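Treat the numbers as computed from the prediction; the structure is a model and nothing was measured. When reading the values below, keep in mind they use all heavy atoms of this one structure, side chains included, and skip hydrogens, waters and symmetry mates.
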Protein chains: 2
Amino acid sequence: MLRISKLTDYGIVLLARFAQEPAGTTLNAREMAETTALPMPVVSKMLKTLAGAELLRSQRGSKGGYSLLRDPADVTVAELLEALEGGVALMDCTAGPGHCDQEERCTVREPWQRINSTVLAALANVTLAELVKPGSAPLIGIESASSAAAQRAE
Amino acid sequence: MLRISKLTDYGIVLLARFAQEPAGTTLNAREMAETTALPMPVVSKMLKTLAGAELLRSQRGSKGGYSLLRDPADVTVAELLEALEGGVALMDCTAGPGHCDQEERCTVREPWQRINSTVLAALANVTLAELVKPGSAPLIGIESASSAAAQRAE
DNA sequence: ATTTACTGGACCGATTCGGTCCCCTATCTT
DNA sequence: AAGATAGGGGACCGAATCGGTCCAGTAAAT
Ligand code: FES
Ligand code: FES
């Protein structure tokens, strides 16, 4: 259904939570679980993943926790998906040659590549900072696109 | 991994196959299986689905088969995904209220809606006809988006 | 009546998803 | 040094989805 996984969403929620704090704030898993009302094991798991992706810095031991490693304005949603879901490829075929055994016959392959690029571009154009601050939404081509779609619908 | 299912892809390949023929051409499941080199049961299943979605007209009996019901230039990729995968909702939460039990707390919900709209718009801007004819690719904002992403990457 | 071909749905193995648990190691506090 | 705290790594599990097959039924042409 063209959906990203719930876990990934949770991961992003967590990251957004960090982005709301002053830069460098350290929060531990328990605190995160409380403020997001998510089950502790899930929070822990996702934080680990995010740390592994070099998005969070982890600090062990008592008084430990996680802190945001990068400027929220520099982290794109595309990157997050990359880190949490291992890449954005609308279909196996899009990921590169060798994934589909009928790449020759297939006439739709190349157009899909372009579509995939478009989607990726859309995701790369939104940053973590923009996820936190509502209001200004500099999403590319959304008006032109939706109006075009509206025209088409007539 | 933000991917559409293989079956869906196959369905689109089949549809594209029809779009290449003169309008109204009737092809049966066996023929489709041959020209696409896909296993017959799969082809059959997807054709049924497509017929159910009112994209193909089905004709039973001997000399029967399927034929394209709509003008390829009027069918958008977004529609296809809608029909084959039951909607485009990046995450459960995006599909509407009541899917996620923390809609209140969640600060990322609304921004995601916009992102979802953007992706949807991108998909709604490509028609079946454009999938078949390569070359001209009027994908929205792809240059502006990729250049914006490039700027960001610096 | 026979043959062709779509229809509807059951069904199955394999993978992924969502989520939990446990043991280990690092660090801070006292 | 001892104890408490907190992350790291990974196994693990049930449930849902995915990819694909199969078959009994029905409509149409000849
Ligand atoms: S390349 Fe895989 S279906 Fe087109
Ligand atoms: S509304 Fe479901 S996670 Fe934000």
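- In this structure, CZ of A:Arg3 is placed 12 Å from C1' of C:dT16, rounded to the nearest angstrom.
- In this structure, the CG atom of B:Leu84 is 16 Å from the C1' atom of D:dG20, given to the nearest Å.
- Spacing between atom CD of B:Glu85 and atom P of D:dT17 amounts to 13 Å, rounded to whole angstrom units.
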Give each protein N/O atom lying under 3.5 Å from an N/O atom of nucleotides 28-30 of chain D, with the pair distance.
| unit_1 | atom_1 | unit_2 | atom_2 | d |
| --- | --- | --- | --- | --- |
| D:dA29 | OP1 | B:Gln59 | NE2 | 3.4 |

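- Legend: side-chain hydrogen bond (donor to acceptor under 3.5 Å, both in side chains) pairs involving residues 63-72 of chain A, not counting sequence neighbours, sorted by first then second residue: A:Arg57-A:Ser67, A:Arg70-A:Glu79.
- Taking atom CZ of residue A:Arg30 and atom P of nucleotide D:dA4, one finds them 16 Å apart after rounding to whole Å.
- Using a 4.5 Å heavy-atom threshold, the side chains of B:Leu50 and B:Leu80 count as separate.
- For B:Glu21 (side chain) and B:Phe18 (main-chain N/O), no donor-acceptor pair under 3.5 Å exists by modelled atom type.
- Remark: A:Thr8 pairs with A:Ile4, A:Ser5, A:Ile12, A:Leu81, A:Leu84, A:Glu85 by the side-chain contact (heavy atoms from CB on, under 4.5 Å) rule, at least two apart or across chains.
- Contacts with DNA chain D (heavy atom under 4.0 Å) in residues 14-28 of chain A: A:Asn28, listed by number.
- Of the possible donor and acceptor atoms, one in the side chain of A:Thr36 sits under 3.5 Å from a partner among the backbone N and O of A:Met32.
- Between D:dG8 and A:Tyr66, a contact under 4.0 Å exists linking OP1 or OP2 to a side-chain N or O.
- What separates NZ of B:Lys48 from P of C:dA10 is a distance of 12 Å, to the nearest Å.
- Put simply, the side chain of A:Val75 does not reach to within 4.5 Å of the side chain of A:Thr127, judged on heavy atoms.
- For residues 37-52 of chain B, no residue pair satisfies the salt bridge (Lys or Arg N to Asp or Glu O under 4.0 Å) rule, not counting sequence neighbours.
- A:Arg30 meets the side-chain contact (heavy atoms from CB on, under 4.5 Å) test with A:Asn28, A:Glu34; sequence neighbours excluded.
- Rounded to an integer number of Å, the gap from CG of A:Asp9 to C1' of C:dG19 is 16 Å.
- In this structure, A:Gly52 reaches neither bases nor backbone, as no heavy-atom distance under 4.0 Å exists between it and the strands shown.
- Toward the 5' end of DNA chain C, the nearer of the two residues B:Met40 and A:Lys45, judged by each one's closest nucleotide, is B:Met40.
- Look at CG on B:Leu47: it is 9 Å from P on C:dT7, rounded to the nearest Å.
- Contact annotation: A:Ser5 does not reach the phosphate of C:dT16 (side-chain N/O to OP1 or OP2, under 4.0 Å).
- Rounded to whole angstrom, the span from the CG atom of B:Leu7 across to the P atom of C:dT15 amounts to 16 Å.
- Two residues are said to be in side-chain contact when any heavy atoms from C-beta on lie closer than 4.5 Å; A:Ile115 and B:Leu131 meet this criterion.
- At C:dA5, none of the side-chain N or O atoms of B:Ser44 fall inside 4.0 Å of OP1 or OP2 (strictly under the cut-off).
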